[in-house]
Amino acid sequence: MKSLLIKSTHYNYLLKSYKEYLQVTGYAIKTVKAWPIHVQEFLHYLENYKSPLSTCGEGQGVRHITSIETNHINDFIQHIKQRKNKSRAGALSSSSINSIINATNAFAKFINASGKYMLDLTMHREASNTAEKTILTVQEVKQLYEATFLPYEWDNIAMGQRDRAIIALYYGCGLRRGEGVNLNIADINLQERLLFVRKAKGNKQRLVPIASKHLTDISDYIKEGREWFLQYHISEWQNKRNGVPLEKKVDDTGDALIINQFGERFLQPEWRLKYLHKKAALEKNITLHGLRHSIATHLMQSGMSIEDIAKFLGHSSLISTQIYTHIVNEL
């Protein structure tokens, strides 16, 4: 989409300002990079707009924010639903379409916040297909959990405790990948049964309640498993490798919650899921975000209100949470 040229000075200025707005307001680096590209596609479409009902060869073109009308929005949505995926065969997935819609809605919010123009633009997200989101059943989550008690190559207790803590964070607490990776020991309040997400999506913060079972798993890992990784695992590793010396490293902050065998912050917890997937003999492919989708779905099935689920997940809009209504209806 970067190759889509925008000729309008007006649009180019707004696009540049929009990117700066995302940076200043604390959006994630990935979002700051992706969303302006999506809006660039939207503005390029407007510049070259031609009504589907028009019989003229020339495009009418919408070259100013104040000229955007509802039909332009609707036609753009149809355009992205029908256009080919640039990176693989087929059309865009509903998640890709929703990413474009999120970016464009945020662009409208930015325009309106400036006070210079008013852009009445609200694109509604697509209902994601259940097939695009791997949702584990409660029984499958139990199967994954029980696999953490099976034999490991190294210390069975510590490895299992860390894996159970990972499940507790990403399923039990519904964390996003980065939220779990960036957790520190101080972010876990065992007495109050709360987890503090210091920097969530959109540079926001939130407190997440920890259920009793998951609290036990996190507590056991902190008091036992984490200490094993921090103090003893290097010597065990060396023994397995015939005494080959390894330099022990310590995380820069010294207080990362989930750590690897070198005492560093564990940046790839998804590796553990791949390992557990095989041990549990699950047919479904699972991801960290899939665990988040699963707990949200299970909470909705249990009768929790959509408002409480949105708060639990850290959604800024109920629109993001409504996808689970569709998922539950399809299951």
So, does [X] use its side chain to make a donor-acceptor pair with the main chain of [Y] at under 3.5 Å?
| X | Y | answer |
| --- | --- | --- |
| Glu179 | Arg176 | yes |
| Asn112 | Leu119 | yes |
| His277 | Leu282 | yes |
| Glu47 | Lys7 | yes |
| Arg206 | Leu195 | no |
| Arg63 | Asn48 | no |
| Gln40 | Leu4 | yes |
| Gln205 | Val197 | no |

Pairwise salt bridge (charged side-chain N to carboxylate O under 4.0 Å, His left out) hits with a residue in [range], at least two apart:
| range | value |
| --- | --- |
| residues 296-318 | none |
| residues 273-294 | Glu140-Lys284 |
| residues 157-167 | Asp163-Arg272 |

Are [X] and [Y] packed together at the side-chain level, in the sense that at least one heavy-atom pair is separated by less than 4.5 angstrom?
| X | Y | value |
| --- | --- | --- |
| Asp217 | Tyr145 | yes |
| Ile111 | Leu14 | yes |
| Leu291 | Leu273 | yes |
| Leu190 | Leu215 | yes |
| Ile295 | Phe312 | yes |
| Ser8 | Leu43 | no |
| His293 | Leu136 | no |
| Val62 | Tyr11 | yes |

Pairs flagged by ring pair (Phe, Tyr, Trp, His ring centres under 6.0 Å) wherever residues 163-191 is involved - sequence neighbours left out: Tyr171-His298

Are [X] and [Y] in one and the same hydrophobic cluster, where Ile, Leu, Val, Met, Phe, Trp and Tyr link if side-chain heavy atoms are under 4.5 Å apart?
| X | Y | result |
| --- | --- | --- |
| Met304 | Leu313 | yes |
| Ile167 | Val138 | no |
| Leu288 | Leu299 | yes |
| Trp35 | Tyr13 | yes |

ring-ring contact (aromatic ring centres under 6.0 Å, His included) against His72, all qualifying residues, sequence neighbours excluded: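 For His72, the residues satisfying ring-ring contact (aromatic ring centres under 6.0 Å, His included) (neighbours in sequence not counted) are Tyr49.
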
Among residues at least two apart in sequence or on other chains, which ones pass salt bridge (charged side-chain N to carboxylate O under 4.0 Å, His left out) with Arg193?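 Salt bridge (charged side-chain N to carboxylate O under 4.0 Å, His left out) list for Arg193, sorted by chain: empty.
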
Measure centre to centre between the rings of Phe110 and Tyr117, then say whether the value is under 6.0 Å. no

How far apart are the C-alpha atoms of Lys81 and Leu92, what are their side-chain angles, what is the distance that settles it, and do they pass the side-chain contact (heavy atoms from CB on, under 4.5 Å) test? CA-CA 7 Å; Lys81 285 182 179 179; Leu92 293 177; over 6 Å; no

Would you call Glu270-Arg177 a salt bridge at under 4.0 Å N-O? yes

For Ile258, the option from Leu183, Val181, Leu169 that meets side chain to side chain contact (heavy atoms under 4.5 Å, CB included):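 Of the listed residues Leu183, Val181, Leu169, the side chain to side chain contact (heavy atoms under 4.5 Å, CB included) partner of Ile258 is Leu169.
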
